[in-house]
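Working notes for the structure below.
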Amino acid sequence: MADLKSTFLKVYSALKSELLEDPAFEWTDESRQWVERMLDYNVPGGKLNRGLSVIDSYKLLKEGKELTEDEIFLASALGWCIEWLQAYFLVLDDIMDNSHTRRGQPCWFRQPKVGLIAANDGILLRNHIPRILRNHFRNKPYYVDLLDLFNEVEFQTASGQMIDLITTLEGEKDLSKYSLSLHRRIVQYKTAYYSFYLSVACALVMSGENLDKHIDVKNILVEMGVYFQVQDDYLDCFGDPETIGKIGTDIEDFKCSWLVVKALELSNEEQKKVLHENYGKPDPANVTKVKALYKELDLQGVFAEYESKSYQKLTASIEAHPSKAVQSVLKSFLGKIYKRQK
C-alpha cells in the first residue's frame, strides 16, 4: 500500500508539471508559483482514499493480471481527477461555511493574501480536470464517457450541497423540516456519488465497461455512501475525538444529522421540546442536553442495529452480482468502512 501511495504521489507531480506548462495560457513566474502553491496546499492532503480506490478497483477488475506501467499511470491520473474534484468542492465549501480549519491546517481562503481569490482557485481546480483528461485520454474510445461521468457527478454533488445549504438557512432553524428522506437525499447527492460511485465508475470505464449496464453497482455504492455518512454522523457525536481527529460540531451547527432525525422519530412530545429548544445552539449546556437525550433514547443501540442490518443488506446485494470481479471490488469497499472508528 505504501508503495502504491508513493507511485500515486509521483503521478501527482507529473500532472502538476503538465498543468503548470499548459499551452492554452501564457504563464508568468508569479502565476505559475501561485497555482503550484495552491495545488500543493489543497490537492494532495487528506487520506487520498478516493483516488487510490480507482487503482485498487481497476486491479480487482483485471482479476489478478499484472498491470502495465501505462495502466497504473492512467488509473492514477483518474484517481487524481477525483482528488482534484474533492479539492475544488472543499475550497468552495469552506468559504460557504466560513470554516477555519481543514485537514488540520487553516482553510485555503484564510491564508494570507488569498481571501476570496480562493473562489477563483476553486474554478481553476475544476478546470484542471478536463485538462488532465484531455492530455491523457483524448485518444481513448471511452474519452467522452469519462467527461460525461465527471460532469454528471459534479452536478449531483453541487445539487446535494444546495439542498443542504437551503435546509440549514440561518434564521430559519426549523427542526420539523428534518426527516430520514431529506437526510438520505442530501447524503446521496452531496457525498455518495463522488465519494463512492465515482472511483469504481472510473475503473469500470477504463476496463471498457458501459456504465449504463452497471446501474446495480451504482445503487449498491450509493447505499454504501449513505451508510458511511450515517457512521460519520454517529462518530461526530459518539466517536473519540482523539481517534477521529476532530471535535464534532453537528449539534451546534444544526446539521441534518441521522442522529437528530432518529431522535425526532423516537421522541415523545416532552423530548421533542428538549430537541427544539437546544439543537443548533452553540452553548455547551445546550449541546450537553441534546447528547443526554440521545443517550436516553439509546441512539447508540439504534445505530448498532442499523449498522448490522445495513451490512447484511449490502452483503446480500453484492453477492447477488453476477460478476466475481465486481463483487470483489464492492466487498473491498465495504470491508474498509464496516465498523470503522474514524
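Note that the numbering runs from 1 along the sequence shown for the chain.
- Between W258 and F303, the two ring planes are perpendicular [angle over 60°; tilted spans 30° to 60°].
- Grouping the Ile, Leu, Val, Met, Phe, Trp and Tyr side chains by contacts below 4.5 angstrom, directly or via other members, places I123 apart from V91.
- Checked against the 6.0 Å centroid threshold, F73 and H136 count as a close aromatic pair.
- Taking 4.5 Å as the limit, every side-chain heavy atom of I82 sits out of range of all side-chain heavy atoms of I129.
- When all heavy atoms are compared, the tightest approach of N98 to F109 is OD1-CZ, 4.0 Å.
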- Query: Should E277 and K273 be marked as a salt bridge (charged side-chain N to carboxylate O under 4.0 Å, His left out) after you check the CA-CA gap, both sets of side-chain angles, and the distance that decides it?
  - Reply: CA-CA 6 Å; E277 283 169 4; K273 199 166 161 243; 3.7 Å; yes

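- With sequence neighbours excluded, no residue forms a ring pair (Phe, Tyr, Trp, His ring centres under 6.0 Å) with Y143.
- Inter-residue side-chain proximity for V43 and K16 is flagged as unmet; no heavy-atom pair is nearer than 4.5 Å.
- Note on residues 203-233: pairs passing ring-ring contact (aromatic ring centres under 6.0 Å, His included), not counting sequence neighbours, are F196-F228.
- Linking ILVMFWY residues whenever their side-chain heavy atoms come closer than 4.5 Å, directly or via other members, places W27 and W34 in the same cluster.
- Smallest separation of non-hydrogen atoms from V11 and S76: CG2-CB, 3.7 Å.
- We find the CG-CG distance between L275 and N286 to be 11.5 Å, quoted to the nearest 0.5 Å.
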- Step by step, work out the side-chain contact (heavy atoms from CB on, under 4.5 Å) result for D121 and L124. CA-CA 5 Å; D121 290 332; L124 277 176; 4.2 Å; yes

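- For the pair A24 and R131, the tightest heavy-atom approach, listed with the atom from each and the gap, is CB-NH2, 3.2 Å.
- For the pair K281 and V290, the minimum side-chain heavy-atom distance is 4.5 Å or more.
- Within the 4.5 Å cutoff, the side chain of K62 has no heavy atoms near those of the S207 side chain.
- For the pair R184 and V222, the minimum side-chain heavy-atom distance is below 4.5 Å.
- No single ILVMFWY cluster, assembled from side-chain heavy atoms under 4.5 Å apart, contains both L90 and I186.
- Residues L175 and F254 share a closest heavy-atom pair of N-CZ, 3.8 Å.
- Judged by distance alone, the side chain of Q327 and the main-chain N or O of H321 form a donor-acceptor pair under 3.5 Å.
- Taking 4.5 Å as the limit, some side-chain heavy atom of L334 sits within range of a side-chain heavy atom of T315.
- Atom NZ of K313 has 12 or fewer neighbouring heavy atoms from other residues, nucleotides or ligands inside a 6.0 Å radius.
- Environment of CG in L116: sparse, with no more than 12 heavy atoms of neighbouring residues, nucleotides or ligands closer than 6.0 Å.
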- Query: Can you list the steps and then say if Y193 with L198 is a side-chain contact (heavy atoms from CB on, under 4.5 Å)?
  - Reply: CA-CA 6 Å; Y193 285 112; L198 186 52; over 6 Å; no

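- Looking at R110 and D94, no side-chain N of the basic residue comes within less than 4.0 Å of a carboxylate O on the acidic one, giving no salt bridge.
- Counting heavy atoms from C-beta on, the side chains of L92 and Y88 come closer than 4.5 Å.
- R103 places a side-chain N or O within 3.5 Å of a backbone atom of N42 that can act as its donor or acceptor partner.
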- Message: One pair to check against side-chain contact (heavy atoms from CB on, under 4.5 Å): Q300 and Y294. What are the steps and the verdict?
- Response: CA-CA 8 Å; Q300 281 164 292; Y294 284 176; over 6 Å; no

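- Taken from CG in L266 to CG in D298, the straight-line distance is 9.5 Å, to the nearest 0.5 Å.
- L78 contributes atom CG, which lies 6.0 Å from atom CZ of F150 (distance to the nearest 0.5 angstrom).
- A salt bridge links D56 and K336; the closest N-O separation between the charged side-chain nitrogens and carboxylate oxygens is under 4.0 Å.
- Although no hydrogens or angles enter the test, the distance criterion places no donor-acceptor pair under 3.5 Å between the side chain of D97 and the main chain of S99.
- Panel note: side chain D253, backbone K255; no donor-acceptor pair is recorded below 3.5 Å.
- Between R32 and E36 there is no salt bridge, since no side-chain nitrogen of the basic residue lies less than 4.0 Å from a carboxylate oxygen of the acidic one.
- When all heavy atoms of P44 and L48 are compared, the closest pair comes out as O-CD2, 3.6 Å.
- Each of L147, V205, L146 was checked for a side-chain contact (heavy atoms from CB on, under 4.5 Å) with F137, and the lone residue meeting it is L146.
- The pair K213-E209 does not count as a salt bridge, with every side-chain nitrogen at least 4.0 angstrom from each carboxylate oxygen.
- Counting only residues at least two apart or in different chains, side-chain hydrogen bond (donor to acceptor under 3.5 Å, both in side chains) contacts with residues 194-204 comprise R50-S195, Q86-Y194.
- The closest donor-acceptor contact from the side chain of D236 to the backbone of D250 lies under 3.5 Å.
- At least one side-chain heavy atom of E307 sits less than 4.5 Å from a side-chain heavy atom of Y338.
- Annotation: the span from L74 atom CG to M206 atom CE amounts to 5.0 Å, rounded to 0.5 Å.
- In the hydrophobic clustering of ILVMFWY residues, with side-chain heavy atoms under 4.5 Å counting as a link, M96 and M162 come out apart.
- Note: F8 and Y12 fail the aromatic proximity criterion, with ring centroids not under 6.0 Å apart.
- Between W84 and W80, the ring-plane angle classifies as perpendicular under the 30° and 60° cut-offs.
- L61 and L67 end up in the same hydrophobic cluster when Ile, Leu, Val, Met, Phe, Trp and Tyr side chains are linked at under 4.5 Å.
- The two residues N268 and Q271 have their closest heavy-atom pair at OD1-N, 2.7 Å.
- For E71, the CD atom counts as densely surrounded, since its 6.0 Å shell holds more than 12 non-hydrogen atoms of other residues, nucleotides or ligands.
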- Under the side-chain contact (heavy atoms from CB on, under 4.5 Å) criterion, do I251 and Y279 qualify, and how do the steps go? CA-CA 6 Å; I251 296 173; Y279 199 74; 3.9 Å; yes

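- Classified by interplanar angle (parallel below 30°, tilted 30° to 60°, perpendicular above 60°), the ring pair W108/Y41 is tilted.
- A distance-only check finds a donor-acceptor pair linking the side chain of N278 to the backbone of V274 [under 3.5 Å].
- In this structure, CD on Q161 lies 9.5 Å from OG1 on T157, to the nearest 0.5 angstrom.
- Using modelled atom types and a 3.5 Å distance limit, the side chains of Q229 and D233 yield a donor-acceptor pair.
- Side chain of Q231 to backbone of I337: a donor-acceptor contact under 3.5 angstrom is found.
- Annotation for F25: atom CZ counts as buried by contact number, over 12 foreign heavy atoms lying within 6.0 Å.
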